[in-house]
Amino acid sequence: MAIFDSALIQPLAMQVTPPDWPGGYWWHWLFFTVAIIAFVLIMVMGAIYLERRGMGRMQSRLGPNRTGPFGLLQPVADAVKVLLKENIVPTTADKIVHWLAPVVAFAPVLVIFAVVPFQNGAMLADLNIGILYVVAVSSIATVGVFMAGWGSGNKYSLLGAMRNVAAVVSYEIPMVLAIVGVVIVSGSLSMNQIVTGQDIPYILVQPLGFLIFFIAACAEINRSPFDLMEADSELTAGFHTEYSGMKFAMFYLVEYAEAIAMSAIIATLFLSGWRGPWLPPWLWFIIKTFVVFFVMVWTRTTLPRVRIDQLMGLAWKFLFPLALINLFVTAIQVVVWPDISQWIFVIVNIAIAAVLILLWSKFFKLGQGRVEV
Amino acid sequence: MGQAAAFWIMAVVIVVAAFAVIFLRNVFRAALSLILCFIAVAGIYITLSADFLAAVQILVYVGAISVLIILGIMMTREVQKGSPVNKMQIPAAIVAALLLGILVYVVTSTPWSISSQAPLTPTTMPLATKLFSENGFILPVEIGAVLLLAAILGAIVITREK
């Protein structure tokens with residue numbers, strides 16, 4: 001069957017199916033596309049449940065517990081409610097842009113999961129540029145936010161979109177520098193090879209990189225404490241103020257799908273992805289993703305929202321220099337001592353991270369020191 | 001077959017999007033078509049087995065440059081609907097026509113060499129070797145970066161309020 005010969009059809013260098021996989025390229029494509037869509041939708045429902053119940057616990061209240069056992073059906077009820085609502089488009093809106101924005105925002109998030117390994121080699125496409133692809137594709141989502149902010153014809157939407165882009169452009173730099181540290185240690189851009197090379201989870205080898213990536217990821221996807229692009233007290237709801245019904249549901253979905261995507265990437269890059277004892281690999285992957293997401297919920301309930309100058313100052317004066325130093329230290333370690341045990345680097349890097357963070361937080365000032373942090 | 005189909009789809013999208021950039025009166029929509037054009041160019045790179053270049057194209061052009069263009073549009077008043085009145089229309093037309101003529105001449109008169117070898121498949125490693133090895137291109141790249149930095153600083157100095 002020539003049509004199923006993956007080498008003929010696939011122009012990209014792709015290590016396609018595991019050897020015991022039945023069928024060929026198109027079956028692989030169909031299976032993983034359906035699996036990814038189902039995975040994202042189910043994980044988003046789980047994430048919404050976890051966030052609302054977990055936040056309830058942390059804030060000494062119950063959270064939604066009426067729909068189904070333990071409130072498990074609350075996300076379903078919410079989805080049905082929001083899908084049945086009327087779709088309102090403002091008269092001043094740019095109709096086409098307003099209509100396209102949720103789609104443009106949602107597509108890149110879904111596409112990120114194409115390179116996330118659920119098991120050894122079990123992914124839609126094992127691109128050899130995996131993590132670079134993730135960074136590139138996730139940058140398209142900003143355009144969707146922009147389109148929503150502009151197309152609504154509402155100044156709050158526009159302000160929210162502009163804050164969002166300022167945050168995304170600033171935090172992308174420390175985030176990518178933190179990723180480069182991981183790439184240097186693992187010697188590969190492919191997500192699957194990064195996982196297979198992680199005999200020690202990179203959270204230990206790259207503690208500073210992990211912290212920088214986690215903070216920058218939270219800022220990129222507008223999660224509290226960096227959610228001032230949709231700060232309800234200032235901007236109503238930010239860029240999606242003028243959205244209702246199905247389109248609002250899309251933005252809600254994007255928000256949680258992005259959080260899940262970032263959790264999955266952190267689990268892959270820093271927590272050794274699907275690797276783990278006893279349990280099946282895919283289950284390990286899902287557990288790790290949820291653990292990272294739980295920490296995001298935890299920070300959300302713990303920390304108050306930052307101001308815009310604090311947001312920018314943190315990115316450029318705190319995370320960016322630390323990310324550069326981290327990259328420099330990692331490069332020296334990999335080039336000068338390629339053969340000694342990673343465990344030595346674990347101890348050294350944790351010490352370096354602790355010293356740097358303490359030192360930098362001493363000198364971190366905003367507004368020439370006139371503003372108290 | 002598949003590659004030819006992909007190429008033609010991308011080519012049509014690129015040309016249509018590029019024309020939309022020029023002819024749309026709404027500047028914001030023009031910027032959006034520019035983004036579509038950039039993405040389709042990245043698609044062309046993928047059909048040429050230049051996967052690294054395609055990802056960088058999306059990252060730099062869609063993720064950074066287009067976003068800054070849109071931010072510029074949002075920050076500017078009165079250009080949002082249609083182009084503003086401009087006294088420099090005729091000189092601009094002459095310069096644009098000259099540039100177009102030179103580009104068309106160069107593209108048509110260059111003997112493009114076509115290699116019959118199969119493309120290198122992981123392109124990341126060869127690119128890194130070209131960049132960082134001895135006699136690599138690291139110095140020109142760094143000079144380009146310094147030039148861009150100087151341009152940014154110049155723009156800040158010019159536009160800064162006294």
Side-chain angles (χ1 to χ4, degrees), chain A residues 2-3 7-15 25 94-97 100-101 104 107-108 111 115 125 127-147 149-151 153 155 157-159 161-166 168-169 172-173 176 183 187-190 193, chain B residues 1-7 20 24 26-36 38-39 42-75 80-81 118-128 132:
Chain A
I3 194 161
L8 281 180
I9 300 166
Q10 199 36 259
L12 279 179
M14 204 191 246
Q15 173 212 336
Y25 171 74
D94 188 336
K95 299 286 182 311
I96 300 172
V97 177
L100 269 178
V104 176
V111 169
V115 294
L127 300 181
N128 59 34
I129 51 163
I131 188 64
L132 182 71
Y133 166 89
V134 169
V135 175
V137 164
S138 61
S139 70
I140 302 180
T142 322
V143 178
V145 170
F146 246 146
M147 289 168 72
W150 174 273
K155 58 185 152 192
S157 303
L158 195 59
L159 280 174
M162 283 170 72
R163 282 186 180 188
N164 186 12
V165 87
V168 168
V169 169
E172 197 149 4
I173 297 164
V176 171
V183 170
S188 172
L189 286 165
S190 154
Q193 284 178 28
Chain B
M1 222 294 283
Q3 283 200 32
F7 169 79
L24 279 179
N26 187 328
V27 186
F28 185 75
R29 286 191 188 175
L32 290 182
S33 349
L34 189 65
I35 293 175
L36 182 62
F38 286 149
I39 292 176
I44 292 269
Y45 289 155
I46 290 176
T47 63
L48 296 173
S49 300
D51 44 4
F52 186 83
L53 189 60
V56 171
Q57 160 91 5
I58 299 242
L59 182 61
V60 173
Y61 283 86
V62 178
I65 291 183
S66 307
V67 165
L68 287 181
I69 290 175
I70 295 179
L71 199 64
I73 293 171
M74 283 183 171
M75 294 281 195
Q80 296 163 1
K81 298 266 151 56
L120 285 171
T121 31
T123 52
T124 318
M125 288 280 247
L127 276 176
F132 290 115

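A note on names: the letters A, B, ... follow the listed sequences, proteins ahead of strands, and every chain is numbered from 1. This is a predicted model, so every value here is computed, not measured.
For chain B, the nearby parts of A:Val135 are the backbone and the side chain; heavy atoms of each come within less than 4.5 Å. Looking at B:Leu32, only its side chain comes within 4.5 Å of chain A, counting heavy atoms on both sides.
The 12-atom threshold is not exceeded at OH of B:Tyr61, counting heavy atoms of other residues, nucleotides or ligands nearer than 6.0 Å. Residue B:Leu68 qualifies as enclosed at atom CG: its count of foreign heavy atoms under 6.0 Å is above 12.
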Problem set entry | Worked verdict on A:Val169 versus B:Leu71 for side-chain contact (heavy atoms from CB on, under 4.5 Å) | CA-CA 11 Å; A:Val169 169; B:Leu71 199 64; over 6 Å; no
For this session: Begin from the C-alpha positions of A:Ile140 and B:Ile35 and carry the test side-chain contact (heavy atoms from CB on, under 4.5 Å) through to its verdict.
Result: CA-CA 9 Å; A:Ile140 302 180; B:Ile35 293 175; 5.9 Å; no
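Residues A:Phe146 and B:Phe28 come closest through the heavy atom pair O-CZ, 4.1 Å. Nearest heavy-atom pair across B:Ala55 and A:Ala136 is O-CB, 3.4 Å. The minimum heavy-atom distance between A:Ile129 and B:Asp51, with the atom names listed, is CD1-O, 3.5 Å. Taking every heavy atom of both residues into account, B:Gly63 and A:Ser139 meet most closely at CA-OG, 3.5 Å.
Heavy-atom pairs under 4.5 Å with chain A were tallied for B:Thr124, B:Val62, B:Ile70; the largest tally goes to B:Ile70.
Side-chain contact between A:Val137 and B:Ile58 is absent, with no heavy atoms from C-beta onward closer than 4.5 Å.
Remark: B:Phe52 CZ to A:Leu189 CG distance equals 7.0 Å, nearest 0.5 Å.
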